[in-house]
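Reckoned from all heavy atoms, side chains included, excluding hydrogens, waters and symmetry mates. Every chain is numbered from 1 and lettered A, B, ... according to where its sequence line falls, protein lines coming before strand lines. Bear in mind the structure is a predicted one, so any value in this text is a computation, not a measurement.
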2 protein chains.
Amino acid sequence: MTHIVVIGAGFAGLEVVKRLKDTEFQITLIDRNNFHQFTPLLYQVATAHLEAEEIVFPIRQLLNKNTRFLMATVHEINPYTREVITDVTSLNYDYLVIATGSVTNYFGVVEADVHSYPLKTLQDGIRLRNHILTLIERASYATVEEREELLSFAIVGGGPTGVEFAGALAELLKGPISKDHPNIQPDDFKVHLVDANDNVLKVFRDKLSGYARERLEKMGVTIHSGRYVTELSRNRVYLSSGEEIKARTTIWSAGIVGPDYLTGWELPLDDRNFITVDHHLKVIGFENIFAIGDIASIDSHPLPKMATIAVQQGQYIAKYLSGDTTEPFQYRDKGKMAVIGRNAAIVEMGRVRLTGMLAWMIWSIVHIYKLIGMRNRLNIMINWVVAYFRKGGQTRVILPGSEDRILPMMELGKYR
Amino acid sequence: MTHIVVIGAGFAGLEVVKRLKDTEFQITLIDRNNFHQFTPLLYQVATAHLEAEEIVFPIRQLLNKNTRFLMATVHEINPYTREVITDVTSLNYDYLVIATGSVTNYFGVVEADVHSYPLKTLQDGIRLRNHILTLIERASYATVEEREELLSFAIVGGGPTGVEFAGALAELLKGPISKDHPNIQPDDFKVHLVDANDNVLKVFRDKLSGYARERLEKMGVTIHSGRYVTELSRNRVYLSSGEEIKARTTIWSAGIVGPDYLTGWELPLDDRNFITVDHHLKVIGFENIFAIGDIASIDSHPLPKMATIAVQQGQYIAKYLSGDTTEPFQYRDKGKMAVIGRNAAIVEMGRVRLTGMLAWMIWSIVHIYKLIGMRNRLNIMINWVVAYFRKGGQTRVILPGSEDRILPMMELGKYR
């Protein structure tokens, strides 16, 4: 029986498994977590609009008879012995599909990895939420100077993640959190968005990105365009323009790269550490290894790193392995959308371009639809309906256990 | 203005604050978390039937104009200078209400605190769930002998918590988890309930506790009555009868005591380290300090430690401080209930005694009703409806970040 090993249960890997369900293949799906995470809504967990468990789904509940799950961390792969070595066991494969995704790119900025929060995993989201809420609890009892730092937030990167997080954070702080803290005024909160491009959401048409910028500014977000971060410290963000932003919280959503561990896997990598594949998504130089999702790089014409592309690549691999196609992979652009806040989103589908409430409703429906699990769908709908009237922030809970990445425990202890 | 400091935002402390909302008092509520937790449903978080954030509610959303919140840990109180010293700041009070609750009582059993899981806080619940699910993921790739230990679970204590947890765990393991793991059969899971009394749920009439025992046994729970635990190790529970239970997971729900830190507070304590109060719930020897909830001990006639009593004591203190009563505190028994599993609960209200589906429906309705927050109510209802048809376990997610209390990271890492 042909054994396919799929590493990573993100959008790409999961799609392969789903599509191969009624085939003769024997499949092993490997992930370090026992759940699939719906990354597009991660920013809503971090900003206390959704519950952590509402955007994840237990992997085993999605599997078919021909698929086995292994919760493990992959240490290395050996393309020559066709072996995957994990911290639990080792597996031999006939075909290997690598879909382990990307990690945050700090562009070598000094201390960026130490003093900023990424937003790629569920744990990132929980930690970031805990950090934000803890600092605000702290601010009520802090000195005036410290207070200013505690209540200002810097977001690095004006892509969809940065914009969506900035909007959701502004709504959280100036809405429910301000109500929570009688001694803090909405304007005491500062949200800074730093973007190297001349405008946010560059991937969209100017009309749409212009709308996004306007909305963000209306929501009280200060946008620093055409500037990049040169250095980070515990309470400062230094910009290429020479400006300094006082902030005890910096969220880094500026870019992605391939994970470091790949360098040990003897596979061809591009300059951003992504695995280079051919038009059949085959890893260059290997007949039976594929790479899909964020981690794959088709050098000739690079594709943006999006969930929709990951899913399409998963579907393609399933077809290709089943012998249903020998055509090269073709990405069908189904358009893109981003949400800025309440009643405010942008949608671009071919010639169709929408903004405002209608776009926002389409965004909401599409995301509910794409979620896995009826329970998640219902729970998130309820949260969004409640959020719509209560102005969000209904899960502003500091979840115990997930320790803060940055603040030393001692310092946090002082405020817990 | 009279300043009342309330320590603890559990059922008792929160009730005081709510009831004093339209008074002249200035109130400061202190808790180490920024949320109130609905402890009666904690076992459902631990057994993956509910989401962690569904049983908690942000404290600040519940506060009134005359109440200030301080997220902090109380280091000590000084009854003579009328001061509360926390890790954030110090406060002077005119009246002090201590409602910090109880902690797990290990009865001095050797290694019990090291090798077993308590179930008192949200973090306990998350850690326990993570531990259970991680061990099962492990079992699929473990040796036969190790597998047996990994798949058996011991619960110490046949009170409501122990029984409700045992029932919910059996349903989780023999239902959804068995479906998840094709190579594990329902009967491979062993659930042991150790109870020092001659029957579980001693606080109920024999007819009802007999029913509970029957149901648990039907669900595959092995009950060890009239035995207590003499010693615990990493993978064994030693009973007074000489028996040994092989188990890598032991949940300790055998009893409660007053927290250790009380010993530094110069207050009168009883033999179980609870604060002794008079019939006005005044701490013996102090005119302006009250203790309510689990932590209070009325020596002459001790009361069971229940949420309903905590709430009534909170109501009483509010009345007493407002001058609406000088009568001693009287507990009004509103009856008690416990749930064993799907369609199976027991209810005892005066002469009314119910079992089975009707009792189960009453239990469900009462708990939904007692929850704080419409969003929590709706989300939990959805989870319970889905659970009813899917046999539960819909949140079987290993939440990242909350590290395991017992398994050394190295060992866990091997399986993460």
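- The choice from N383(B), T121(B), V386(B), L63(B) that makes the most heavy-atom pairs within less than 4.5 Å of chain A is N383(B).
- Within residues 175-184 of chain A, the residues having any heavy atom under 4.5 Å from a heavy atom of chain B are, by residue number, D180(A), H181(A).
- Applying the side chain to side chain contact (heavy atoms under 4.5 Å, CB included) criterion to N66(A), with sequence neighbours excluded, gives T23(A), I27(A), N64(A).
- For residues 47-57 of chain B, heavy-atom neighbours of chain A at less than 4.5 Å comprise L50(B), E51(B), A52(B), E53(B), E54(B), V56(B), sorted by residue number.
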Open item on the list: Working note: M71(A) + R138(B), criterion side chain to side chain contact (heavy atoms under 4.5 Å, CB included); need CA distance, chi angles, decisive distance, verdict.
Closed with: CA-CA 8 Å; M71(A) 185 174 84; R138(B) 235 180 99 157; over 6 Å; no
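- Residues F69(A) and Y141(B) share a closest heavy-atom pair of O-OH, 2.8 Å.
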Task: Test log, rule side chain to side chain contact (heavy atoms under 4.5 Å, CB included), inputs R375(B) and I382(A) - done: CA-CA 7 Å; R375(B) 193 186 57 82; I382(A) 284 170; 4.2 Å; yes
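- With chain B as partner, the option from L70(A), V385(A), T89(A) having the largest number of non-hydrogen pairs under 4.5 angstrom is L70(A).
- Both the backbone and the side chain of V397(A) have a heavy atom closer than 4.5 Å to some heavy atom of chain B.
- Atom CG of N379(B) is separated from atom CE of M381(A) by 11.5 Å, given to the nearest 0.5 angstrom.
- Here the CD1-CZ distance, from I136(A) to R60(B), works out to 9.5 Å after rounding to the nearest 0.5 Å.
- Near-neighbour residues of residues 33-42 of chain B relative to chain A, defined by a heavy atom under 4.5 Å from a heavy atom of that chain, comprise N34(B), F35(B).
- Side chains of L399(A) and I126(B) form a contact here, defined as non-hydrogen atoms less than 4.5 Å apart.
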